[in-house]
Protein chains: 2
Amino acid sequence: MTVTRIEQKERTRRAILDAALRLCEGSSLVALSLRQVAKEVGIVPTAFYRHFDSLESLGLALVDESFVSLRAMLRDVRRSDPAFADIVDSSVDVLSRHVKEEHDHFAFIARERTAGPPAVRHSIRHEIELCERELAADLARFPGTDVWSSEDLRVLSNLIVTAMVATAEQILLAAGRPEAEARVAQTARTQLRMVLIGALRWRSSTD
Amino acid sequence: MTVTRIEQKERTRRAILDAALRLCEGSSLVALSLRQVAKEVGIVPTAFYRHFDSLESLGLALVDESFVSLRAMLRDVRRSDPAFADIVDSSVDVLSRHVKEEHDHFAFIARERTAGPPAVRHSIRHEIELCERELAADLARFPGTDVWSSEDLRVLSNLIVTAMVATAEQILLAAGRPEAEARVAQTARTQLRMVLIGALRWRSSTD
DNA sequence: GCTTTGAGTGTACGAACGTTCACTCATTTG
DNA sequence: CAAATGAGTGAACGTTCGTACACTCAAAGC
């Protein structure tokens, strides 16, 4: 019991983050009230201000936290299991596993990306742009892509990220129905293959 | 002045729809209050109930209305201008023109699709699914697609619709900055070509 | 051990919320 | 022309909202 003081504060902070994540599921941050969060946590409304100075800064903290989950997923995708013959199979597999494991974080990103408070929307968009740039860098490391322009890489990774965001949304929607999940994953695999093959062919036919 | 009575009612109804569309821009339907809408329209809160029995049914009316705009766009895409050499060019052109013209409707769909009240979300998802099925039927009419399975068509049209929804979101985001709009359109054209070529190649290599 | 600190409390406020109800009064109807 | 209709009014209700302020009382620091 040496660090009890800051430890307890951190515990309450976590409880607030979790409560907010839980409560705005099914609506949005913009429809959430400070009092609801406080009641859910079990503290008095004014105590909220000891941790965040507004719901918006709470939202920004949730963005940070959610993208920690998302980046953990990207890390897993990157060092894809060599047991998988196909990078597409392994990537979609990692995606669907992470999305289900960190359901709340991915749902938060998907929802607040378009409907959150302006600052939250902006922050999420920025993070996703960074992901696109990272993906473009990854793609550039592939054999045979050295002839591509950076613009082509950008366009391709934008398309892939868009498709994967949509896939994540559909996985969330199918959550708990294994056959629906499998269907979404199968669709995502096919789409990824179409895109990759198309990108290669398109390049070699226009360079 | 023969139809003044119902005419006036319709006018107020329109004013409510417009006010709601305007007010929930930048947040969401779930963060909208009946009183805000009434104030914006210039009627007393209780008068709202003469036209809708809840904000949710207002939301459903806005979904209907927004998809009238969207379907008008699809109609334009379908009878694509023969002056355009490329169907991709003409489709993206029609898309960006309609999205800008009916900015509010497309923004509404994009936003409430993930963040609206459950019934609204569900309704939008249903409408988008119908669009996907229509697109699949259109694609089936293309020469050379007769060997495709209906599942392949479904997967492809899902991918295309996803990419176009994302494009619409980016056009909305770039609204008012012509160079940004042009960039989004150019990206969309490239992506559509990658997808179409990839789908063709993928099919012919696995049938 | 005495003092300081700060997470959490409790009360209180004015504002906005959804909904109720009884109403007005111009238009429509018969 | 009298009666019925129905869009819009206005006051009132019980809630919930964000926030201000003065407070408690363990843990942390000296």
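In what follows, chains carry the letters A, B, and so on, assigned in the order in which the sequence lines appear, proteins first and then strands, with residues in each chain numbered from 1. Only a predicted model underlies this, so the values are computations on that prediction, with no experimental measurement involved.
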* Structure fact -> Of C/dG18, D/dT9, C/dT27, the nucleotide closest to the side chain of B/Tyr49 is C/dG18

* If you check every side-chain atom of B/Ser33, which of D/dA28, C/dC17, C/dA26 has the closest atom? -> C/dC17

* To do: Would you mind checking if B/Arg22 and B/Asp18 are paired as a salt bridge, meaning a charged N to carboxylate O distance below 4.0 Å?
  => no

* Asked: If you check every side-chain atom of B/Val44, which of D/dA26, D/dG10, D/dT19 has the closest atom?
  -> D/dG10

* Please check the phosphate of C/dC17 (OP1 and OP2 only) for any side-chain N or O of B/Gln36 closer than 4.0 Å. => yes

* Structure fact -> Separation of C/dA7 atom P from A/Arg14 atom CZ, nearest Å, is 18 Å

* Asked: Which nucleotide, C/dT19, C/dA7, D/dG8, lies nearest any side-chain atom of B/Leu34?
  -> C/dT19

* Asked: If you check every side-chain atom of B/Arg5, which of C/dT19, D/dG18, D/dG6 has the closest atom?
  -> D/dG6

* Quickly work out the A/Ile16 CD1 to C/dA7 P distance and round it to whole Å. => 11 Å

* Asked: Do the rings of B/His122 and B/His126 sit parallel, tilted or perpendicular, given the 30° and 60° boundaries?
  -> parallel

* **DNA chain C: 5'-proximal contact among A/Ile43 and A/Arg35 (nearest heavy atom)** => A/Ile43

* To do: Using a cut-off of strictly less than 4.0 Å, decide whether A/Gln8 has a side-chain nitrogen or oxygen near OP1 or OP2 of C/dG8.
  => yes

* Residues A/Arg14 and A/Glu65 bridged, charged N to O under 4.0 Å -> yes

* Asked: Yes or no on salt bridge (Lys or Arg N to Asp or Glu O under 4.0 Å) for B/Arg189 and B/Asp86, after CA distance, side-chain angles and deciding distance?
  -> CA-CA 10 Å; B/Arg189 279 189 288 269; B/Asp86 194 329; over 6 Å; no

* Asked: Side chain of A/Arg50, base of C/dG6: donor and acceptor closer than 3.5 Å?
  -> no

* Looking at C/dG10, does its base get a donor-acceptor pair with the side chain of A/Thr46 below 3.5 Å? -> yes

